[in-house]
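Notes for the one structure printed next.
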Amino acid sequence: MTPSENHPPIDFIRTMIAEDQDAGRSVQRVHTRFPPEPNGHLHIGHAKSICLNFAIAQEFGGLCNLRLDDTNPTKEHMDYVRSIQEDVRWLGFDWGDRLYYASDYFESLYEYALKLIRKGKAYVDNLSAEELREYRGTLTEAGKKSPHRQRTLEENLYLFAKMRAGEFEEGTHVLRAKIDMASPNMNLRDPALYRIRKATHYRTGDAWCIYPTYDFAHPLSDALEGITHSLCTLEFEDHRPLYDWVLDECEVPCHSQQIEFARLNLAHTVMSKRKLLKLVEEGQVQGWDDPRMPTIKGLRRRGYTPAAIRSFCDRVGVAKRDSVIEMGLLEHTIREDLNRTSPRVMAVLHPVKVIIENYPEGQTEEVEAVNNPEDVGQGVRQLTFSREIYIEADDFREDPPKKFFRLSVGQEVRLRYAYIIRCVGVEKDQDGTIVALRCTFDPESKRGGTQAGRKVKGTIHWVSVGHALPTEVRIYEPLLTKPSALPKKSITSEPILNPCSLQVLSPCWAEASLKHASVGSRFQFERQGYFCLDPDSMNQKLVFNRTVSLKDPWAKMEKK
RNA sequence: UGGGGGAUCGUCUAGGGGCAAGACAUUAGAUUUUGAUUCUAAGAACCCAGGUUCGAUUCCUGGUCCCCCAGCCA
């Protein structure tokens with residue numbers, strides 16, 4: 001548990017609910033819901049909503065439902081329903097037995113529609129889509145009343161029944177609310193309540209050919225489930241009068257309060273389903289679970305933990321202002337979690353061979369390494385040391401710059417958990433590229449030796465050439481080269497895809513203890529970052545995803 | 001141009017008529033067999049203009065800028 005999980009920050013929504021309770025305005029217990037449409041995979045933006053809804057319910061001693069808002073048969077699929085459940089559960093939330101579908105309410109919704117017709121509050125219109133648009137008016141001009149607005153109740157009932165019976169073609173008829181064609185709020189200019197869709201619904205099959213719209217189904221679904229606080233994003237703000245209209249006119253006993261908050265935007269990535277789908281379809285990424293994707297599945301494969309994502313969602317806060325969160329915050333929360341929990345191992349990503357001249361050929365020895373200095377309970381393990389090892393190419397310089405604490409000819413470094421070595425020579429091939437480094441070691445410098453406490457400037461990681469495991473390592477960079485920004489802004493100035501968002505390193509060499517690591521397990525590769533074993537791993541070859549690098553002030557300094 | 005929202009450190013988020021707080025990021029230092037972690041410190045903000053007031057970032061008035069709405073998507 002991170003501190004932020006113990007004390008989720010107080011935001012305007014929580015304040016509002018608490019004040020309502022104090023004022024005795026809400027006698028019912030708090031009941032929220034997370035209502036995704038099953039037309040795609042969940043992403044980090046959904047995580048914000050999930051955390052908000054479930055956490056608020058929990059904090060106020062209430063409940064949170066999972067509801068699939070499946071009112072549009074042309075886009076939805078059972079695969080997505082499964083995926084959504086899996087992701088919400090993985091994030092650590094439990095909806096108990098309260099898994100609901102808007103499609104389960106189709107019959108009740110139909111009854112409410114009849115009620116509206118009987119009250120003279122809804123009518124069947126057979127204007128074409130194009131005519132409807134013309135009649136609606138513009139932002140600055142009032143709309144015109146449809147010539148069909150004054151049909152009799154009988155006529156409306158008759159036509160609506162025919163709509164349901166499938167006697168009309170798609171797009172020819174629609175049930176509209178009778179509100180106000182001159183309203184300055186476009187949503188109130190007789191919005192559609194039902195439309196004809198001759199498509200098979202993934203759950204109700206062909207039982208229906210008319211489907212309720214969001215504006216009709218959502219408030220009633222909330223009411224049917226006894227939702228008290230219907231949290232949604234800012235773009236629904238001017239739907240609220242319609243939300244309230246539907247509940248008032250349908251005379252439901254439960255009238256939930258709709259509260260809007262700003263959706264999450266993350267810099268250097270995209271969040272809209274449309275753009276994510278485009279990345280997948282164009283093959284810019286491998287799929288919805290590509291570790292570069294901001295989807296829950298992508299983050300999971302990348303190595304993110306549910307706790308880190310929850311902590312992130314707590315830290316971004318909830319407000320009404322459009323905002324773009326920096327990646328740095330997400331990276332901070334995963335480092336914070338993994339630092340505490342993940343075992344340390346050594347792996348060399350850019351190998352350079354080191355030959356220790358005064359270490360006997362054929363000899364090996366075990367050295368003890370701490371699994372996690374942040375958690376001594378994780379114990380120790382043995383590493384094999386030998387005459388030939390790999391070290392990181394970055395850890396050697398022929399012309400070391402100032403403040404370079406690592407290896408160069410004539411200089412010493414400590415090998416983590418092992419000896420201090422001194423570089424005495426460089427072996428190169430005809431092209432002048434380094435083939436191996438010749439070193440000597442100080443036999444007394446190991447832990448327990450007389451020189452164990454001797455200080456040298458740097459300590460570097462290593463693996464034994466004869467014992468290390470061949471490994472592929474995938475390094476990820478942001479999908480976009482620019483922070484981009486608010487979602488729709490980037491439609492005009494198309495975001496620039498980072499051509500280097502994936503870098504594959506192979507062969508890398510990992511310590512032998514990783515041999516039996518299971519897919520999905522996370523490690524800190526000492527001095528490098530946090531890595532997660534990818535499902536692509538084979539017996540012969542491990543594949544690791546870099547979740548996030550360690551902070552590296554030296555690399556930063558070098559760039560300058 | 002109609003309506004609905006919004007504007008506080010680089011980025012998020014608090015606050016509220018009298019000291020502008022926290023987190024991330026940044027910078028400096030200490031500790032360190034990870035240039036990590038940890039610790040300490042520093043710099044860094046109230047959209048603009050008037051008004052009310054002893055005092056305005058907060059209240060009032062008028063601007064400016066940004067976001068959303070003209071789907072039979074959600």
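Letters go in sequence order (proteins before strands), and every chain restarts at 1. The basis for the numbers below is simple: all heavy atoms, side chains too, and nothing from hydrogens, waters or symmetry mates. Since the model is a prediction, treat every value here as computed from it, not as a measurement.
- Taking only side-chain nitrogens and oxygens, A:R197 comes nearer than 4.0 Å to OP1 or OP2 of B:C73.
- When the C1' atom is used for both B:U26 and B:C60, the distance is 39 Å, rounded to whole Å.
- Taking atom CZ of A:R189 as the reference point, atom P of B:C72 lies 13 Å away to the nearest angstrom.
- A gap of 16 Å separates the P atoms of B:C59 and B:A14, to the nearest Å.
- The phosphate of B:A74 (OP1 or OP2) has a side-chain N or O of A:R195 nearer than 4.0 angstrom.
- In terms of the side-chain hydrogen bond (donor to acceptor under 3.5 Å, both in side chains) criterion, A:R133 has no residue partners (sequence neighbours excluded).
- Where A:F12 and A:G137 each meet RNA chain B at their nearest nucleotide, the meeting point lying more 5' is that of A:F12.
- In this structure, the nucleotide among B:A74, B:G2, B:C12 sitting nearest to the side chain of A:T140 is B:G2.
- A donor-acceptor contact closer than 3.5 angstrom is absent between the side chains of A:S146 and A:Y123.
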Scan nucleotides 30-36 of chain B nucleotide by nucleotide, 5' to 3', and note B when protein non-hydrogen atoms come under 4.0 Å of the base, S if they reach only the sugar-phosphate, - if neither. ---BBBS
What protein N or O atoms touch nucleotides 20-23 of chain B N or O atoms at under 3.5 angstrom, if any, and at what distances?
residue, atom, partner, partner atom, Å
B:A23, O2', A:R315, NH1, 2.8

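- Taking atom C1' on both nucleotides, B:U61 is separated from B:C69 by 28 Å, rounded to a whole Å.
- Pairing for B:G35 is absent, judged as Watson-Crick or G-U wobble with the two contacts each under 3.5 Å.
- In this structure, A:L127 reaches the bases: a heavy-atom distance under 4.0 Å links it to at least one base atom across the strands shown.
- For residues 447-464 of chain A, the pairs satisfying salt bridge (charged side-chain N to carboxylate O under 4.0 Å, His left out) are A:E368-A:R447, A:E412-A:R454, A:D442-A:R454, with sequence neighbours left out.
- Checking A:N187 against A:P191, the closest nucleotide of RNA chain B that is more toward the 5' end is the one next to A:N187.
- Among the nucleotides B:A74, B:C12, B:G2, the one closest to the side chain of A:I325 is B:C12.
- Put simply, the side chain of A:W245 does not reach to within 4.5 Å of the side chain of A:P219, judged on heavy atoms.
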List the steps, then state whether side chain to side chain contact (heavy atoms under 4.5 Å, CB included) holds for A:K48 with A:F312. CA-CA 9 Å; A:K48 175 178 178 180; A:F312 173 75; over 6 Å; no
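- Pair assignment for B:A20: none, as no Watson-Crick or G-U wobble contacts are both less than 3.5 Å.
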A:Y202 and A:D70: CA distance, side-chain angles, deciding distance, side chain to side chain contact (heavy atoms under 4.5 Å, CB included) verdict: CA-CA 9 Å; A:Y202 75 101; A:D70 53 358; 2.6 Å; yes
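- Here A:F160 pairs with A:Y110, A:Y194 under the ring pair (Phe, Tyr, Trp, His ring centres under 6.0 Å) rule; sequence neighbours left out.
- Summarising the geometry, the separation between CE on A:M181 and C1' on B:A70 is reported as 10 Å, rounded to the nearest angstrom.
- Nucleotides B:A36 and B:U31 are separated by 13 Å at their P atoms, to the nearest Å.
- B:C72 atom C1' lies 14 Å from atom OH of A:Y211, rounded to whole Å.
- Nucleotides B:A21 and B:C9 place their C1' atoms 12 Å apart, quoted to the nearest Å.
- Separating the CG atom of A:D215 from the P atom of B:C68 is a distance of 18 Å, rounded to the nearest angstrom.
- Within the cation-pi definition used here (under 6.0 Å to the ring centroid, within 45° of the axis), A:R164 qualifies as a partner of A:W208.
- For the pair A:L330 CG and B:C12 P, the interatomic distance rounds to 15 Å; values are reported in whole Å.
- Here A:T71 reaches the OP1 or OP2 of B:A74: one of its side-chain N or O atoms lies under 4.0 Å away.
- Nucleotide B:U11 holds its C1' atom 13 Å from the CG atom of A:L264, rounded to whole Å.
- Shown here, B:C65 forms a base pair with B:G6; the pair counts as Watson-Crick or G-U wobble because both key distances fall under 3.5 Å.
- Each of B:A70, B:C67, B:C72 was ranked by its minimum atom distance to the side chain of A:D322; first place goes to B:C67.
- Taking atom P in both B:G6 and B:C73, one finds a spacing of 29 Å when rounded to whole Å.
- The side chain of A:F236 approaches B:A74 more closely than any other nucleotide in the set B:A74, B:G3, B:C24.
- Judged purely by distance below 3.5 Å, without hydrogens or angles, the side chains of A:E260 and A:Q258 pair a donor atom with an acceptor atom.
- Between the C1' atoms of B:G29 and B:G35, the separation comes to 15 Å (whole Å).
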Please enumerate all protein N or O atoms sitting under 3.5 Å from an N or O of nucleotides 39-47 of chain B, with distances to 0.1 Å.
none

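- Nearest nucleotide to the A:P184 side chain, out of B:C72, B:G3, B:C24: B:G3.
- Of the listed nucleotides (B:U26, B:C12, B:C69), B:C12 has the atom at the smallest distance from the side chain of A:V316.
- Put simply, CG on A:L139 is 7 Å from C1' on B:G2, counting in whole angstrom units.
- No side-chain donor-acceptor contact under 3.5 Å links A:N185 and A:R240.
- Note on A:K446 versus A:E365: salt bridge recorded, some NZ/NE/NH1/NH2 to OD/OE distance being below 4.0 Å.
- Listed pair A:R136 / B:C72 meets the phosphate criterion, a side-chain N or O lying under 4.0 Å from OP1 or OP2.
- Looking at A:D125 and A:H148, their side chains do bring a donor and an acceptor atom within 3.5 Å of each other.
- Checking B:C12, B:U13, B:C73 against every side-chain atom of A:E37, the shortest atom distance belongs to B:C73.
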